[in-house]
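Numbers here simply count residues along the sequence, with the first being 1.
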Amino acid sequence: MDFELRRAREKLDKEQKERKETARKKLERERKRKEEAKKQREAIDAERSSRLFDAAQAQLKVDQQMQESLLVGRGIMFYRVLEAVPFQGSGDKIKLPSSCFNELQEQGAFDQGPLYFKLSSVHQEASSEMIDADKDKGRSTHSGVLEFTAEEGFVGLPPHVWQNLFPAETPSIPLIEVRYVWLSKGTYAKLQPLRAGFSDLPNHKAILETSLRQHATLSEDDIFIVNYGELVYKLQVLELRPSSSVSVLETDIEVDIVGADTASEKTHENVLKPLTFGTSESGMVDEGNYTYYKFSIDNNTWEKIASVDAKVEVRIDAEPNSGDTDIYISKHPLIFPTRHQHEWSSHDIGSKVLILSSKDKSLEAGTYSVGIYGFKGTTKYQVSVNVQDDSNRKVGQQAVSSSSSMEMDTVECKNCKRYIPSRTIGLHEAYCSRHNVVCQHAGCGVVLRVEEAKNHVHCQQCGQAFHQGEMEKHMKVFHEPLHCPCGIVLEKEEMVQHQASVCPLRLIACRFCGDMVHAGSSALDVRDRLRGLSEHESACGSRTAPCDSCGRSVMLKDMDIHRVAVHQKN
């Protein structure tokens, strides 16, 4: 009986323990489930809070951008992301779609004056998904607007804007942000040429002013391009006032041009090296290249040259066993003379001297350029400019000598045609006939030594006399056909005359803006043609300027007539 009771008690204790263990495990599972649910709720709450915070930050950023856009746009909000396409044009004015015109017109942007836009390049990922533009990495510039004729989704950029936004490599899809802004009028600009030689241009500030007329804006760090004939000069905008981006429309802006940064652009472009009278400069030129120098004739020097019948001597002394050169000289504004465009030239073999006489109508006070062209091989040389004074020669000395010779009893030599005293004419003719030969070419008649006669030749095309060794160079320089950019093929002498006075592509200095421009065809206006104005001068002279005396706005080409007719000023 006791055994059964003990067995029953043990069984009951065991069942109670099992029930307690089961209950404990159940409570543990419930506790863990509650903890996991709590963690999940906390994670969801944290993610929801983060999203709300990000959304609030994004909305705040959008609001700030809108406020900034409204601030810089003076109450006008315009923002587009467009794909850039290039077009050939000058200046910094872009082409926008017609929908932009409607949006700007609805906000009254055209009532605020000229339109200005800030252009910023947009960075893209490899997946072509657009990401937020990084203002520190992306380049930006400013521009005006030319017309609203671009296709929807595209913006047309002229070369100036394109090079400033994409200076190195163009992305596969060049996207840019176009944002309307208001710009203050500029008062000061500091520019730095990226190569030497810009300050050598005659009246270079007037040329810069002409280029600025094609622009509406300037931005710091932009590269500004100035064209002078076929030459291209790049200038970097270092500083602007009163802000980093300004408008250059209808404003007087002070321009400061600092020294060229020769380290930023390593090229072999033409540079004028100064020459002073009485000193020589050494140099070297390779075949097919030019080396340029310049010298100036001031008023005092010119008075000296003109009063005593002096001459300007340009001398080139080539080193022995060196190459061969040609020399070309021009008067500014033609600052870089070439084989086609020059006023004086010399093609002698080896060392050469070029004499500029005061009797030459082209010689006057001013600045002159000397171009040394490498004709053959590499030539090392010494170049110098001197004023040769002929005032020390006694006036009348040659006349006395000639008159005294005529008073003597003389006879003309039948061979050399010189007058020889009659008492020695027989001996002279016997010697002269054995050692001297007269060139039989028509119009020559020069007397040569017998040993020199075999090297004396005449050009079959022009008839000029040369040494045999000079004929090859003469044929290449003077009779080799040259092609003018206008399509005409001429020889050297005819080409120089053609490009100096006839060629429509010749460069002339505009009498109104001072820029070197193509002459073009005749002016459309008959009155302008009678004045001798070119096509460019007819358009450039149509700009107005206030008269110094009465303040009236008068066209530049009519200013002289206005001063004579209204103010009786010559």
Side-chain angles (χ1 to χ4, degrees), residues 193 195-210 226 228-229 231 233 255-260 269-283 290-317 325-338 341-346 352-373 381-393 395 496 500 507-516 570:
R195 50 165 282 196
F198 180 73
S199 59
D200 293 327
L201 299 180
N203 202 6
H204 57 277
K205 287 198 173 182
I207 298 171
L208 181 60
E209 179 184 354
T210 303
V226 176
Y228 183 78
L231 302 176
Y233 294 90
V255 179
D256 186 13
I257 301 176
V258 300
E269 297 291 344
N270 301 328
V271 177
L272 292 176
K273 304 175 183 178
L275 280 176
T276 56
F277 287 100
T279 61
S280 61
E281 297 286 341
S282 60
Y290 287 90
T291 301
Y292 287 103
Y293 298 87
K294 67 175 180 178
F295 65 92
S296 297
I297 300 178
D298 55 23
N299 292 328
N300 294 332
T301 304
W302 171 245
E303 290 178 0
K304 176 183 177 182
I305 294 174
S307 61
V308 299
D309 194 20
K311 298 179 177 62
V312 177
E313 178 189 85
V314 181
R315 175 182 294 272
I316 296 180
D317 295 319
T325 61
D326 292 332
I327 181 173
Y328 303 98
I329 299 179
S330 67
K331 187 179 184 299
H332 288 197
L334 180 57
I335 60 176
F336 294 118
T338 62
Q341 292 183 311
H342 59 268
E343 295 187 52
W344 300 274
S345 64
S346 175
K352 49 187 65 67
V353 177
L354 193 57
I355 301 297
L356 310 182
S357 173
S358 59
K359 298 179 180 179
D360 193 334
K361 296 181 180 179
S362 300
L363 186 66
E364 58 185 10
T367 304
Y368 295 80
S369 293
V370 179
I372 300 176
Y373 175 72
Y381 58 85
Q382 295 280 339
V383 58
S384 61
V385 179
N386 299 284
V387 177
Q388 296 294 333
D389 189 355
D390 294 340
S391 60
N392 293 328
R393 182 170 58 88
V395 179
V496 172
L507 296 177
I508 62 172
C510 176
R511 66 188 74 181
F512 302 114
C513 66
D515 199 0
M516 290 292 289
N570 188 359

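- With rounding to the nearest 0.5 angstrom, the OH atom of Y381 is 8.5 Å from the OG1 atom of T325.
- Using cut-offs of 30° and 60° on the angle between ring planes, the pair Y328 and Y290 is tilted.
- At a threshold of 4.5 Å between non-hydrogen side-chain atoms, the residues I327 and W344 do not count as touching.
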Handout entry: Audit row: K294, I335, side-chain contact (heavy atoms from CB on, under 4.5 Å) steps and yes/no
Key = CA-CA 8 Å; K294 67 175 180 178; I335 60 176; over 6 Å; no

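- For D317, the salt bridge (Lys or Arg N to Asp or Glu O under 4.0 Å) partners at least two apart in sequence or on another chain are R315.
- In this structure, the separation between OG1 on T367 and CG on L272 is 9.5 Å, given to the nearest 0.5 Å.
- Here the closest heavy-atom approach between residue S282 and residue Q382 is recorded as CB-NE2, 3.2 Å.
- Contact annotation: the side chain of V255 never approaches that of E209 to less than 4.5 Å [non-hydrogen atoms, C-beta and beyond].
- Residue pairs meeting the salt bridge (Lys or Arg N to Asp or Glu O under 4.0 Å) criterion with at least one member in residues 352-369, sequence neighbours excluded: D324-K352, K331-E364.
- The nearest pair of heavy atoms linking H204 to S199 is ND1-O, 3.7 Å.
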Exercise for the section: Decide yes or no on side-chain contact (heavy atoms from CB on, under 4.5 Å) for I297 and L363, but give the supporting numbers first. Expected result: CA-CA 9 Å; I297 300 178; L363 186 66; 3.9 Å; yes

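- A donor-acceptor pair is defined here as one N or O able to donate and one able to accept, closer than 3.5 Å; such a pair exists between the side chain of Y292 and the backbone of P337.
- With sequence neighbours left out, the side chain to side chain donor-acceptor pair (under 3.5 Å) criterion links Y368 to no other residue.
- To the nearest 0.5 Å, atom CG of residue D256 and atom NZ of residue K205 are 7.0 Å apart.
- Residues that satisfy the side chain to side chain donor-acceptor pair (under 3.5 Å) test with T276, not counting sequence neighbours, are T279.
- Counting heavy atoms from C-beta on, the side chains of I257 and L208 come closer than 4.5 Å.
- Rounding to the nearest 0.5 Å gives a distance of 11.5 Å between CZ of F277 and CD of E313.
- D326 CG to S346 OG: the interatomic distance, rounded to the nearest 0.5 Å, is 7.5 Å.
- Shown here is K304, whose NZ atom has no more than 12 heavy atoms of other residues, nucleotides or ligands within 6.0 Å.
- The distance from the CG atom of L354 to the OG atom of S345 is 7.0 Å, given to the nearest 0.5 Å.
- No side-chain heavy atom of Y373 sits less than 4.5 Å from a side-chain heavy atom of T338.
- Partners of H332 according to the side chain to side chain donor-acceptor pair (under 3.5 Å) rule, which considers only residues two or more places apart in sequence or in another chain, are S369.
- The two residues Y293 and E281 have their closest heavy-atom pair at CE2-CB, 4.3 Å.
- In terms of the side chain to side chain donor-acceptor pair (under 3.5 Å) criterion, N386 has no residue partners (sequence neighbours excluded).
- Minimum heavy-atom separation, N299 to A365: OD1-CB, 3.7 Å.
- The heavy-atom pair separating V496 from H342 by the smallest distance is CG2-CE1, 3.4 Å.
- Between F295 and V312, some side-chain heavy-atom pair lies under the 4.5 Å cut-off.
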